[in-house]
Amino acid sequence: TRSDRDWSSDVCSSDLWEEHKPEPVTLPALDLSVHDIIDIEDATAEPGEGENLRDSITKSVEAWGGKTAHYSWLVKTDGVPIKKALAVPVYYYWQFLEENGFFDRIDALMADKSFTGDYAVRDIELEDFRNDMMHTELNSDFQTLLKSRIKDKFGNTTHRLRFRTSTNSEDLDGFPCAGCYESHTGDPRVWSDVCDAIRETYASAWLFRSFEERTYYGVDHKSVGMGLVYHYNFPDEEANGVAVTANPFDASGLDPAFYVNVQYGGDVEVVAPPAGVSSDQFLYYFTEAGQPVNYISHSNLISEGATVLSNDQIHQLGMALSLIHERFSAAYGPASGNSDWYAMDVEFKFDDEENPGEEPVLYIKQARPYPGRGE
């Protein structure tokens with residue numbers, strides 16, 4: 001794959017960048033009044049009188065970010081296998097930048113014509129910005145609260161914890177920004193490792209590719225807020241994948257199927273794999289008699305003739321996708337009054353850590369509204 005800098009030399013310096021920029025995106029406002037670290041199921045409230053699920057999710061995004069808002073609704077969905085987690089509000093990211101003068105540095109960079117006008121300068125300056133974030137202490141009261149909540153939730157765990165980004169500029173209807181930010185893992189037995197994981201996750205808001213994506217869409221960089229979702233890490237999953245809860249190749253809805261893209265193990269990205277690597281891709285006709293599976297491609301990381309998932313695992317996945325599709329319809333689908341094509345974009349894993357020696361079982365990682373239908 002080509003580097004960010006190679007991509008920039010082709011695109012960022014081109015007139016096409018300006019000619020084809022979309023209408024500016026305004027992010028959901030941040031709610032900085034929320035300071036507690038909570039069980040994730042409490043982040044998105046049941047809709048109150050006169051409200052709908054979309055209202056509840058929107059309100060949750062302002063304090064916790066998109067991933068947390070949707071994860072919170074998922075974890076309260078019977079039949080969807082998902083790890084329990086804790087949620088850190090966007091306030092602590094904002095506090096980190098505000099207390100340490102990073103917002104002032106952003107202002108200075110945005111006023112510097114060499115930074116705004118030269119992608120190579122931006123690349124270097126943003127790297128320096130991230131490095132400085134990595135060498136800046138997290139607020140001591142935040143650390144004390146975080147230690148307490150980790151102990152309450154996970155006890156004296158020997159598991160590493162995965163700190164996942166949850167911003168108001170990802171996993172949103174109309175602006176998914178998939179892959180903009182990076183999650184990191186820390187060992188709670190070594191506190192500095194946890195702090196490094198959080199700082200590195202926060203710093204991913206200032207990756208070159210993330211900055212360029214937001215710039216292209218006209219997003220105010222200072223309006224980004226990053227919450228965190230953290231749970232036990234998946235150290236060595238047997239399969240990882242993404243799925244769409246409707247057939248993206250069918251605009252009519254007359255050929256209903258789930259689209260699944262899954263790869264063996266957890267080290268190879270399914271969405272952007274290395275050159276020459278293929279994955280299992282198939283349409284799963286879950287609602288049809290016999291539930292046929294129509295393979296589009298096969299993984300070349302396993303034996304020829306084999307499949308990444310067994311029939312039983314595909315059925316597990318189909319059950320979860322059906323529940324997720326129905327669960328979020330009240331926010332984005334027919335149950336919300338939306339008559340357009342609707343689907344949820346779902347990330348999943350199959351892992352055997354909790355049942356070693358048995359067939360790996362399904363865990364849902366996240367779900368977000370699918371941004372559009374493939375042609």
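The residues of the chain are indexed from 1 along the displayed sequence.
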Decide, yes or no, whether a salt bridge links R149 with D39 under the criterion of side-chain N to carboxylate O below 4.0 Å. yes

Ignoring hydrogens and geometry beyond distance, is a side-chain donor-acceptor pair present between S299 and Q263 at under 3.5 Å? yes

Quick one: are F350 and L309 in side-chain contact, heavy atoms under 4.5 Å? yes

Worked verdict on F328 versus H325 for ring-ring contact (aromatic ring centres under 6.0 Å, His included): CA-CA 6 Å; F328 283 94; H325 189 83; over 10 Å; no

Partners passing salt bridge (Lys or Arg N to Asp or Glu O under 4.0 Å) against D107 (at least two apart in sequence or in another chain): K222

Charged N-O contact under 4.0 Å between R130 and E200: no

Parallel, tilted or perpendicular for H298 and Y295, by the 30°/60° rule? parallel

Centroid separation under 6.0 Å, is that true for the rings of F249 and Y259? yes

Taking the side chain as everything from C-beta on, heavy atoms only, tell me whether Y92 gets closer than 4.5 Å to L145. yes

Which of these passes side-chain contact (heavy atoms from CB on, under 4.5 Å) with T307: V262, V293, I314, D280? D280

For D255, all residues meeting salt bridge (Lys or Arg N to Asp or Glu O under 4.0 Å), sequence neighbours excluded: none

Heavy-atom side-chain contact between V361 and Q313 under 4.5 Å: no

Could you check whether any side-chain heavy atom of V260 comes within less than 4.5 Å of a side-chain heavy atom of L283, counting everything from C-beta outward? no

Mind checking whether F211 and H221 have ring centres under 6.0 Å apart? yes

Tell me if the centroids of the rings in Y230 and F163 come within less than 6.0 Å of each other. yes

Sidechain N-carboxylate O distance under 4.0 Å for D31, K59: no

Looking at F96 versus F102, is the centre-to-centre ring distance below 6.0 Å? yes

Hey, is K349 close enough to E238 for a salt bridge, meaning N to O under 4.0 Å? no

Distance-only donor-acceptor hits, side chain of residues 108-118, under 3.5 Å, sequence neighbours excluded:
residue: D112; atom: OD1; partner: S114; partner atom: N; Å: 2.9
residue: D112; atom: OD1; partner: S114; partner atom: OG; Å: 2.6
residue: D112; atom: OD2; partner: S114; partner atom: OG; Å: 3.2
residue: T116; atom: OG1; partner: D112; partner atom: O; Å: 3.4
residue: T116; atom: OG1; partner: K113; partner atom: O; Å: 3.4
residue: D118; atom: OD1; partner: A120; partner atom: N; Å: 2.9

